[in-house]
2 protein chains.
Amino acid sequence: MDQVEIFKALSNKTRLQILNWLKEPAIHFNEQPNADFENIGVCVGQIQNKAGLSQSTISEYLSILQRADLVCATRIGQWTYYKRNQVGIEELAKIFNSEL
Amino acid sequence: MDQVEIFKALSNKTRLQILNWLKEPAIHFNEQPNADFENIGVCVGQIQNKAGLSQSTISEYLSILQRADLVCATRIGQWTYYKRNQVGIEELAKIFNSEL
DNA sequence: AAGGTATATCGGTTTTTCCCGATATGCCAA
DNA sequence: TTGGCATATCGGGAAAAACCGATATACCTT
């Protein structure tokens, strides 16, 4: 993954917020029927509600974050759950500390 | 400085290169008549030559980096010397490690 | 099979970014 | 004070990003 693309993914208020919300799902989201959000993540609909943007926009934003290895997705039934990709984020922190 | 603006400043290949070149000016640039680049920085002209973009573009890029507290500028005579703003960059690394 | 729900993708409009050339400013030297 | 050089700023065209609504896909239920 190109470093520029990672920073582009982070260059948006909503996407930064999503990343932050996903740090503490229990605080920012409601319980979900099928999935424990600490393990599996938060579904797109909840993130969309919270962000207040259209469904298509949020879906796109999540895939931008995913391409940058900042979140990862799990599909269960008709839901897709997103959570932080802690490995990718730590990788980035390393790049940040060493290369920048 | 807004976090989004900092990431935007970093979302460009040339600007990332400039930041990297400025880590080791002696390796990437030529000696300069009036200024020791370890202390004062590298003048715009040298950065422009290295980057291969127009003078106006590089001047703008440098001010974007400056607004994000990633570089700082010193004017001496008709030259402006830019160097890394180590304090700003470390500040950012902290934000990065704690908030992201 | 049919209808409902969640998410992804497509096509488009508006805003922002990337770059440029031209021009302005500021400093220095003759 | 005139001319030259380094940098900054301005105006603009082309490309990319930020959104949106409409539609497609995929799954689940009945």
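Letters go in sequence order (proteins before strands), and every chain restarts at 1.
- Residues satisfying the side chain to side chain contact (heavy atoms under 4.5 Å, CB included) criterion with A:Glu60, sequence neighbours excluded, are A:Ile64.
- With sequence neighbours excluded, no residue forms a side chain to side chain donor-acceptor pair (under 3.5 Å) with A:Ser59.
- Applying the side chain to side chain contact (heavy atoms under 4.5 Å, CB included) rule to A:Ser63 yields the partners A:Arg67; only residues at least two apart in sequence or on another chain are considered.
- Against DNA chain C, the stretch residues 9-29 of chain B makes heavy-atom approaches under 4.0 Å through B:Ser11, B:Asn12, B:Arg15.
- In this structure, B:Ile76 places its CD1 atom 11 Å from P of C:dC28, rounding to the nearest Å.
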Could you pull out all donor-acceptor pairs under 3.5 Å where a side-chain atom in residues 18-25 of chain B meets a protein atom, sequence neighbours excluded?
residue	atom	partner	partner atom	Å
B:Asn20	ND2	B:Leu16	O	3.3
B:Lys23	NZ	A:Ser98	O	3.3
B:Lys23	NZ	A:Glu99	O	3.0

Output one letter per nucleotide in nucleotides 3-15 of chain C: B when a protein non-hydrogen atom lies under 4.0 Å from the base, S when only the sugar-phosphate is that close, - when neither is.
-BBSBBB------
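- Residues meeting the side chain to side chain donor-acceptor pair (under 3.5 Å) test with B:Thr74, sequence neighbours left out: none.
- For B:Lys8, the salt bridge (charged side-chain N to carboxylate O under 4.0 Å, His left out) partners at least two apart in sequence or on another chain are B:Glu5.
- Per the geometry, NZ belonging to B:Lys8 stands 8 Å off P belonging to C:dT16, to the nearest Å.
- Positionally, the nearest nucleotide of DNA chain D for A:Leu53 lies more toward the 5' end than for the other of A:Leu53 and A:Gly77.
- For A:Gln46, the side chain to side chain contact (heavy atoms under 4.5 Å, CB included) partners are A:Phe29, A:Asn30, A:Gln32, A:Val42, A:Cys43, not counting sequence neighbours.
- Distance, B:Phe7 CZ to C:dT16 C1': 19 Å, rounded to whole Å.
- For B:Phe37, there are no ring pair (Phe, Tyr, Trp, His ring centres under 6.0 Å) partners two or more places apart in sequence or in a different chain.
- Rounded to 10 degrees, the angle separating the terminal axes of the helix from C:dA1-D:dT30 to C:dA30-D:dT1 is 20°, with each axis obtained from five end pairs.
- The shortest side-chain heavy-atom distance between B:Ile89 and B:Leu70 falls under the 4.5 Å cut-off.
- Looking at B:Arg15, its side chain never comes within 3.5 Å of a backbone N or O of B:Tyr61 through a donor-acceptor pair.
- As rounded to whole Å, 15 Å separates atom P of D:dA8 from atom OH of B:Tyr61.
- Annotation: side chain to side chain contact (heavy atoms under 4.5 Å, CB included) contacts of B:Glu90 (sequence neighbours excluded): B:Gln86.
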